[in-house]
Every structure is written in structure tokens, then in C-alpha cells.
Amino acid sequence: MNPKSTKNLGNKKSTAKPAKEIVIDGLGVSSGIAIGMVHVRESGAIAVPEYIVAASKITEELKRFEVALGTARRQVSRLRNKANKLPAAAAEEMGLLLEAYAQMLGDSRLVRGARRRISENRTNAEAAIQAEINDITQGFAQLDDSYIAARLDDIREVANRITRALTQSHVRPISTVPKGSIVISEEVTPADAAQLDPKRVVGFAAVLGGAQGHTAIMARALGLPAVLGVPGLSAMAKSGDVIIVDGEVGRIILNPTPATLAIFESKQFEYRRRQARFSKMKRQPAVTRDGVEISLFANVELPIEMPQVMMAGAAGIGLLRSEFMFMNRDDLPGEEEQFLMLRDIIKTLNGRTLTVRTLDIGGEKLAQSLTEDVGESAQSALGLRGIRLSLARPDLLETQFAAILRASALGPIRILLPMVSTTREVKKSREILKKVAASLKRKKITMAKKLPPLGVMIEVPSAALTADALVSVCDFFAIGSNDLTQYTLAIDRTDERVATLYNPLHPSVLRLIEMSVGAALRGRIPISICGEIAGDPRVTALLLGLGVRELSMSAHTIPAVKQRVREIDLSAATERASAIMAQSDSGRIAMLLDDFNALV
Ligand code: PEP
Ligand code: MG
């Protein structure tokens with residue numbers, strides 16, 4: 001924040017009764033310091049579609065309603081856990097409120113009535129819940145009682161929560177917030193984060209969310225300081241309050257005193273100076289002290305990152321998460337639309353390689369247009385997601401392949417398959433790729449002479465354990481350490497309650513990485529790492545020591561990793577990596593790594 005606007009923040013506070021400074025700790029998921037005005041995303045009435053459900057689809061509609069109820073229950077249960085960490089009085093108050101929400105999501109009149117409307121009147125689930133809430137409200141309308149009015153508000157809040165889960169809608173688009181806002185919300189989904197405009201939003205914080213989820217990744221990609229998993233935040237922050245988000249430490253400060261504000265302004269200044277120093281690295285080669293060249297690629301979530309990718313001097317894009325094409329819309333992008341998006345990116349890259357990952361919708365990354373198809377399964381980290389969904393809906397894959405093949409005429413491009421767990425999935429995908437290429441050829445559509453290399457994300461333990469078999473059916477590997485850690489340690493990467501257990505340096509994860517690298521080197525296929533550890537300079541020496549020569553990361557982290565690469569002596573790093581791989585204790589691994597890092 002510039003000095004002028006800081007002065008304004010100070011003035012605002014001096015005319016009103018100064019509010020008490022509140023400090024709350026959470027998970028720092030994207031570094032930097034943001035100082036700005038709170039913009040609370042509130043819930044409210046939601047416009048819903050209304051239609052008659054075909055008699056043959058009633059069971060499906062009821063199932064859709066139950067899935068939404070499940071989502072709302074999970075949200076409330078996570079909020080109750082968070083509330084327990086608040087100071088006693090606030091915890092009690094929030095606890096009672098959330099207990100009431102949980103009951104309303106159980107066998108309540110609201111839920112029973114909505115179910116009845118779906119099965120008897122054939123009303124769609126969203127309209128059924130809204131009709132039921134209208135009935136309940138009308139029944140109490142004549143009573144002028146503030147207690148009842150408050151309870152009705154609670155019932156409306158619960159109904160809206162179910163409706164939002166049904167429609168995946170959000171009340172107010174995040175894209176339209178005032179300039180200089182810090183968005184505060186109960187939850188910021190990856191799709192919400194994709195709508196944040198860094199020209200208006202300077203940071204964000206939420207009650208829910210883990211450090212390794214896609215919301216966190218998106219925050220880092222956009223260079224927005226962010227803190228997730230902040231208990232009690234949405235109950236305490238009011239729109240217009242001054243707020244500081246310290247994404248490094250993982251702390252938010254509401255209504256800071258002038259003294260606190262001054263401390264954080266100087267921290268912010270220091271942080272920016274450090275970043276500016278890093279930007280000078282662009283022209284330096286990424287070469288180790290003993291002369292080995294390392295390729296540093298960028299991970300891209302959104303096309304608006306492209307200027308940053310070029311500024312960071314990335315060798316190309318090692319992971320284009322194509323989900324952005326499918327988010328925040330209720331239809332599917334067609335071949336032409338996908339081609340045009342790829343064309344713009346590939347033109348900007350100007351000869352550098354673009355690695356497009358096929359759709360990895362599922363888990364926390366949902367697309368309205370596909371949710372109905374896959375229902376609850378899409379929300380499960382173990383469900384019909386990634387390549388499984390693409391093979392279950394080959395039309396999706398065919399359209400994506402066609403767009404990629406057309407783009408292949410414009411520059412080097414590779415295709416990456418997410419969530420692969422068997423060789424069959426790769427073979428099936430290649431068959432589809434060949435079929436689509438043949439069809440484009442018949443239509444005389446221009447493509448590259450050779451089919452693009454087809455690679456596999458190694459992010460499921462079964463893929464790492466059978467990497468030697470996968471080598472024979474694919475052209476390259478990209479290790480997704482985020483999911484590999486999640487699935488190996490059985491830790492939901494988006495759940496703030498288990499965030500401290502998430503450890504990509506756990507020996508089990510490292511052994512799977514080592515196995516995959518070994519298989520790729522023996523099979524002579526390229527291998528890169530594109531999970532978040534690739535962008536962590538603390539881990540660079542270990543990854544290089546394990547034989548990795550290609551890293552792909554958020555463009556913002558390329559300069560820091562490049563600097564680290566230039567400090568490392570590869571033969572010493574290789575020796576240290578083998579000492580580390582002999583360990584079976586995470587603490588010892590961390591110590592051996594930190595000791596090595598301290599030396600160079
Ligand atoms: C990973 O799992 O490490 C990865 C790069 O994919 P994503 O973070 O998009 O799941
Ligand atoms: Mg993944």
C-alpha cells in the first residue's frame with residue numbers, strides 16, 4: 001500500500017472510536033504482506049432456476065439434494081471445529097449457532113419438506129428448498145418477535161447454504177469488489193480464487209482451507225498474500241475494517257493500531273525490495289556451481305499469469321492446469337474456444353514448450369457443467385476425477401485433444417494426463433488421441449507433423465510404484481508431489497485440521513519420488529517435478545541430488561529457486577541426497593537437508 005492510502009487508513013480510524021486490535025493466527029499459504037480494507041463476502045438470497053423434473057429422474061434429483069446436504073453438513077462440521085479454537089465465550093456462542101445449523105441440516109422440517117416437494121411435486125431441488133423456506137417464513141410472518149426473526153434468519157442461512165452447494169453459486173462475484181480490498185470469507189474455493197482480480201484485491205483470508213489446496217496454489221500464482229484456516233474470522237471482520245494479512249507468518253490483524261500499521265508497512269517494503277532483487281535473476285542461467293544446467297518451467301493456473309511467466313524467464317510451461325477453462329461457467333468450452341485460449345498462450349511463449357494437462361476437475365476443483373454428471377464422486381479425492389472422468393466422458397477428452405492438436409501447429413506442445421493409476425488409462429488415452437488426430441487429418445486441419453508427447457503425472461502411489469511399467473507406455477513423467485503426498489500419507493491437502501501432518505519430506509513420499517526418477521532415467525524419458533516442492537528453495541538440493549533436472553513451479557518462485565540452483569554443487573547435493581534417502585525418520589531428513597542448505 002502506498003503512503004497516501006496508508007494515511008487514509010489512519011485517518012479513518014482517528015475519526016471513529018478506535019476499534020480493538022485483534023490478532024488471529026492461521027496458515028500462511030502465500031507470502032507477502034497485504035494491508036487494505038476488509039470486504040466480507042456475505043451470503044444472502046440466491047436466485048434459483050425452477051423446473052419440473054422428469055418422473056424418471058426423481059431418484060437422481062433426490063440424490064443430488066442429498067449430495068448438497070452432505071456438502072453443507074461437512075462445511076458446518078468444519079466450522080464447528082474451528083469455533084472450538086476461539087476464546088471461551090465466542091466458542092460457546094458460535095458453538096450453539098452451529099449446533100442449530102447442524103440440526104436444521106438433519107431431519108428438520110426444512111429438509112423433509114424439500115424432499116417431499118422433489119418426490120411428490122417433481123420440483124427441482126433448488127426450487128424445492130426455496131419453496132419450503134418461503135412456507136416456513138410465511139407461517140411466522142405475523143409474529144412480531146425478534147427471537148423468531150433471528151431464528152428465521154438462521155433457517156434462511158441454512159437453506160442458502162444447501163442452495164449454494166446445489167448450484168455451486170456464489171452470492172456476489174468476487175471480481176467486482178472495491179479496489180484495495182482484502183476479501184474475507186468463510187471459504188474461498190479455487191473457482192472463487194480464479195475470479196480474483198489482483199488489480200482490485202490485494203489479499204485474502206478465509207476460515208476454511210489447507211495450505212496445499214488449489215486455493216492456496218492459486219493465491220501464490222496470483223502473487224496475493226493469503227492466510228487460510230483462520231478461526232472465527234468471518235464472525236469478527238466487518239466490511240470496511242482495516243486489516244493486515246501476513247501471508248508469511250500466517251497471521252491476520254484486524255483494526256491495527258498506528259504502531260502495528262507502521263511495523264507492517266516496513267515489513268511490506270522489505271518484502272517488495274527482496275522480490276525486486278530476485279527479479280534481476282531473469283537473465284542469469286539456471287546452472288549449478290559445477291556447470292549442470294537445470295530447466296525451470298512455470299506452472300500456470302490462469303492466462304493472466306503469462307506476463308509474470310515471461311518476466312521470470314521461465315524455460316516454458318511445465319504444467320498448464322486446464323481447469324480454468326471449465327470453472328465459473330455452467331456450460332462446457334468447445335474445441336474452438338479451447339484452441340483460441342491455447343493459441344494465445346503458445347504465441348506468448350514464442351517457441352518455448354507448453355505442457356497442457358488434460359482436465360483435472362474433481363476434489364475441491366469443481367465445474368458446474370460437470371458436477372451433475374459425476375455427483376458426489378466428483379467431490380471425493382478418491383472419486384471419478386482427473387483422467388478417470390475424462391475416460392468416462394470421452395467426448396471431453398476428444399474435444400481437449402482436438403484443441404491441443406490444432407495448437408500443436410503453432411509451437412512445441414506436450415500433453416500431460418492427471419491422476420493416472422494404471423497403464424490402461426494411458427493406452428486408452430493414446431488410442432483416443434490417435435483417433436482424434438486421424439479425424440482432424442481427414443478434415444485437412446493443420447497440426448504438427450508428429451503427435452505431441454503424451455506424459456503422465458506421477459501423483460498416485462500406484463503410479464510411482466509401477467513407474468517402470470508406465471515408462472513403456474508414455475513419453476515423459478511429471479511428479480505431482482502435492483497429490484503424491486496427500487495419497488501416500490492419507491492427508492486431505494485442503495483440510496486445515498491435518499495441515500501440520502502434511503509433509504512432502506516424509507520418507508515414504510521421497511522413496512516414491514526416488515523410484516519414479518529411477519524408472520524415468522533407466523527408461524530414458526524426461527522427468528520433471530511440478531508439485532509445490534519444486535518451487536521451494538529449501539528442497540532444491542535434494543531434488544537435484546535425486547537426479548531431477550527439470551522443475552516446474554509458480555512463476556513467482558522461479559527467481560528464488562534459480563538463485564538456489566546457482567549456489568548448489570551438484571556432486572555434493574547428490575551425496576547428501578543419498579545420505580537423506582538412507583533415513584527413515586522425517587525429522588532427521590529435515591535436519592540433514594537444513595544442514596546442507598546452511599553450508600551453501
Ligand atoms: C500435484 O498434485 O502435485 C499437482 C501438480 O497437481 P495439482 O496440484 O493440480 O493437483
Ligand atoms: Mg495433482
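Nothing fancy with the numbering, it's 1 onward along the sequence. Counting starts at 1 for both ligands and their atoms, in listed order.
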Just wondering, do [Y] and [X] contact through their side chains at under 4.5 Å, heavy atoms?
X: E550; Y: I527; answer: no
X: E496; Y: L228; answer: no
X: E532; Y: R220; answer: yes
X: L405; Y: L451; answer: yes

Report the part of [X] in contact with ligand 1, treating N, CA, C, O as backbone and CB onward as side chain, heavy atoms under 4.0 Å; options are side chain, backbone, both, neither.
X: I479; result: neither
X: L319; result: side chain
X: Q486; result: neither
X: S481; result: backbone
X: E532; result: neither

Ligand 1 atoms in contact with [X] (distance to a heavy atom under 4.0 Å):
X: C530; result: 5 (C)
X: I217; result: 8 (O)
X: G480; result: 1 (C), 2 (O), 3 (O)
X: M457; result: 4 (C), 5 (C), 6 (O)
X: D483; result: 1 (C), 2 (O), 3 (O), 10 (O)

With a 4.0 Å cut-off on heavy atoms, does R493 reach ligand 1? yes
Less than 4.0 Å is my threshold; does some heavy atom of E323 fall inside it relative to ligand 1? no
Tell me whether D536 is salt-bridged to R564, with the criterion being a basic N under 4.0 Å from an acidic carboxylate O. no
Shortest protein contact, atom 6 (O) of ligand 1 (heavy atom only): R357 NH1, 2.9 Å
In this structure, atom 7 (P) of ligand 1 is nearest to the protein heavy atom H214 NE2, 3.1 Å
Please name the atom of D483, limited to N, O or S, that comes nearest to the Mg ion (ligand 2). OD2
In E459, what N, O or S atom is nearest to the Mg ion (ligand 2), if we give its atom name? OE1
Of N482, I458, L484, which has the heavy atom at the shortest distance from atom 3 (O) of ligand 1? N482
Option of least heavy-atom distance to atom 9 (O) of ligand 1 (set: E301, R321, Q212): R321
For atom NZ of K434, decide whether the heavy atoms of other residues, nucleotides or ligands shown that lie under 6.0 angstrom number more than 12. no
Return yes if some donor-acceptor pair links the side-chain N/O of S462 with the main-chain N/O of S421 below 3.5 Å, else return no. yes
Using only atom types and a distance under 3.5 Å, with no angle test, would you say the side chain of D360 pairs donor to acceptor with the backbone of P418? no
Residues H556 and S554: side-chain donor-acceptor under 3.5 angstrom: no
side-chain contact (heavy atoms from CB on, under 4.5 Å) with P453: which of I525, D475, I413? D475
Check R538, R576, R588 against D594 for a salt bridge (charged side-chain N to carboxylate O under 4.0 Å, His left out) and give me the one that passes. R538
